[in-house]
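Keep in mind it's a predicted model, so treat the numbers as computed, not measured.
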Amino acid sequence: MQWQIEGRRGQSVDQSRAGGAERPPAVANPTVGGVPMMATRTIVDNASAAPNLSTLVAAVKAADLVGTLSGPGPFTVFAPTNDAFGRLAPGMVDTLLKPENKASLTKVLTYHVVPGAITADDLRQRIAAGGGTATLTTVEGDPITATLVGAVITLTDVNGNKSYVETADVRQSNGVVHVVNGVIVPKLS
């Protein structure tokens with residue numbers, strides 16, 4: 001590829017071989033629920049396309065968080081699957097989705113959101129720097145503790161419940177999503 005700056009011409013250089021800095025090579029976004037996730041779409045747009053995140057999407061709508069999670073961010077979302085919601089106590093999802101429980105639902109959902117775009121590699125680095133533990137401050141306000149169990153990123157809520165990252169680094173136009181197998185719950189008192 002040719003380039004020209006102030007009358008000087010030259011060849012572009014592959015920075016990865018020249019020792020200079022360059023962006024990492026583009027990596028295909030993982031699929032979620034068998035559906036391609038587009039890095040050009042928002043968190044809500046991609047989640048709405050994934051059949052295994054339909055309970056999460058219904059909850060986001062019930063809590064009036066669509067506008068927020070469609071906004072510029074960036075956000076890191078730990079997105080529980082339908083199976084994760086299914087493991088909650090019987091009736092809990094239906095109870096949270098009732099209009100009179102919107103405040104509690106919002107607390108639960110925003111507990112799954114951390115400001116900034118944090119990749120799995122970022123999490124691993126924070127865990128290593130923290131001697132095996134990283135504390136993440138959620139949008140809800142309560143912390144999440146991240147650790148590694150083998151190579152799997154594990155989240156522990158303030159109540160001691162654990163959730164494991166199943167699909168990491170689903171890039172979005174306004175952040176990154178990590179699909180998790182459990183719903184983490186803040187203090188709801």
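- What you find for Gly33 and Pro51 is that their closest heavy atoms are O-CG, 3.4 Å.
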Go through the steps for Asn101 and Ser104 under the test side chain to side chain donor-acceptor pair (under 3.5 Å), then give the verdict.
CA-CA 5 Å; Asn101 295 320; Ser104 293; 5.3 Å; no

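- For the atom pair Thr68 OG1 and Asn174 CG, the distance stands at 10.5 Å (nearest 0.5 Å).
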Test side chain to side chain donor-acceptor pair (under 3.5 Å) on Ser54 and Asn82 and set out the steps.
CA-CA 7 Å; Ser54 61; Asn82 295 344; 3.1 Å; yes

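- At least one donor-acceptor pair closer than 3.5 Å links the side chain of Tyr111 to the backbone N or O of Pro143.
- Nearest approach of Pro30 to Thr167, heavy atoms of both residues: CB-CG2, 3.7 Å.
- Taking the side-chain hydrogen bond (donor to acceptor under 3.5 Å, both in side chains) definition, one finds that Asp45 meets it with Thr42, sequence neighbours left out.
- A 4.5 Å side-chain heavy-atom check between Val93 and Thr55 finds at least one atom pair inside the cut-off.
- Remark: Lys102 engages Asp64 in a side-chain hydrogen bond (donor to acceptor under 3.5 Å, both in side chains) (not counting sequence neighbours).
- Nearest heavy-atom pair across Val177 and Ala79 is CG1-CB, 3.7 Å.
- Interatomic distance, Leu123 CG to Leu148 CG, rounded to the nearest 0.5 Å: 9.0 Å.
- Atom CG of residue Asn46 and atom OG1 of residue Thr31 lie 11.5 Å apart, to the nearest 0.5 angstrom.
- Under the salt bridge (Lys or Arg N to Asp or Glu O under 4.0 Å) criterion, Asp121 pairs with Arg124, not counting sequence neighbours.
- No side-chain heavy atom of Tyr164 sits less than 4.5 Å from a side-chain heavy atom of Ile153.
- In terms of hydrophobic clustering, with Ile, Leu, Val, Met, Phe, Trp and Tyr side chains grouped at heavy-atom distances under 4.5 Å, Val165 and Val77 are assigned to different clusters.
- Evaluation of the side-chain hydrogen bond (donor to acceptor under 3.5 Å, both in side chains) rule for Lys61 yields no partner, not counting sequence neighbours.
- The heavy-atom pair separating Val176 from Ile118 by the smallest distance is CG1-O, 3.2 Å.
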Can Thr147 and Thr145 be said to form a side chain to side chain contact (heavy atoms under 4.5 Å, CB included), step by step?
CA-CA 7 Å; Thr147 57; Thr145 302; 4.2 Å; yes

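- Side-chain contact between Val108 and His112 is present, with heavy atoms from C-beta onward closer than 4.5 Å.
- Atom CE of residue Met92 and atom CG of residue Leu105 lie 9.5 Å apart, to the nearest 0.5 angstrom.
- Of all non-hydrogen atoms in Ile184 and Ser163, the two that sit nearest each other are CG2-CB, 3.8 Å.
- Contact annotation: the side chain of Leu155 approaches that of Val180 to within less than 4.5 Å [non-hydrogen atoms, C-beta and beyond].
- Here the side chain of Arg87 pairs a donor or acceptor atom with the backbone of Asn181 at under 3.5 angstrom.
- At a threshold of 4.5 Å between non-hydrogen side-chain atoms, the residues Leu109 and Val60 count as touching.
- The distance from atom CG of Leu88 to atom CG of Leu96, rounded to the nearest 0.5 Å, is 7.5 Å.
- Judged purely by atom type and a 3.5 angstrom limit, Thr76 uses its side chain to pair as donor or acceptor with the backbone of Gly116.
- To the nearest 0.5 Å, atoms CG (Asn52) and CD (Glu166) are separated by 8.5 Å.
- The shortest distance between side-chain heavy atoms of Leu53 and Val32 falls below 4.5 Å.
- Sorted by first and then second residue, the pairs that involve residues 37-87 and meet ring-ring contact (aromatic ring centres under 6.0 Å, His included), not counting sequence neighbours, are Phe78-His178.
- Remark: the Thr156 side chain and the Lys162 side chain contain an N/O donor-acceptor pair separated by less than 3.5 Å.
- Grouping the Ile, Leu, Val, Met, Phe, Trp and Tyr side chains by contacts below 4.5 angstrom, directly or via other members, places Val170 with Val35.
- Closest heavy-atom contact between Ile43 and Leu69: CB-O, 3.7 Å.
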Chi angles and distances behind the side chain to side chain contact (heavy atoms under 4.5 Å, CB included) call for Arg126, Leu136
CA-CA 10 Å; Arg126 289 183 185 195; Leu136 307 173; 3.5 Å; yes

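- Looking only at side-chain heavy atoms (C-beta outward), Leu65 and Thr110 come within less than 4.5 Å of each other.
- Sorted by first then second residue, the salt bridge (charged side-chain N to carboxylate O under 4.0 Å, His left out) pairs that include residues 135-161, not counting sequence neighbours, are Lys107-Glu140.
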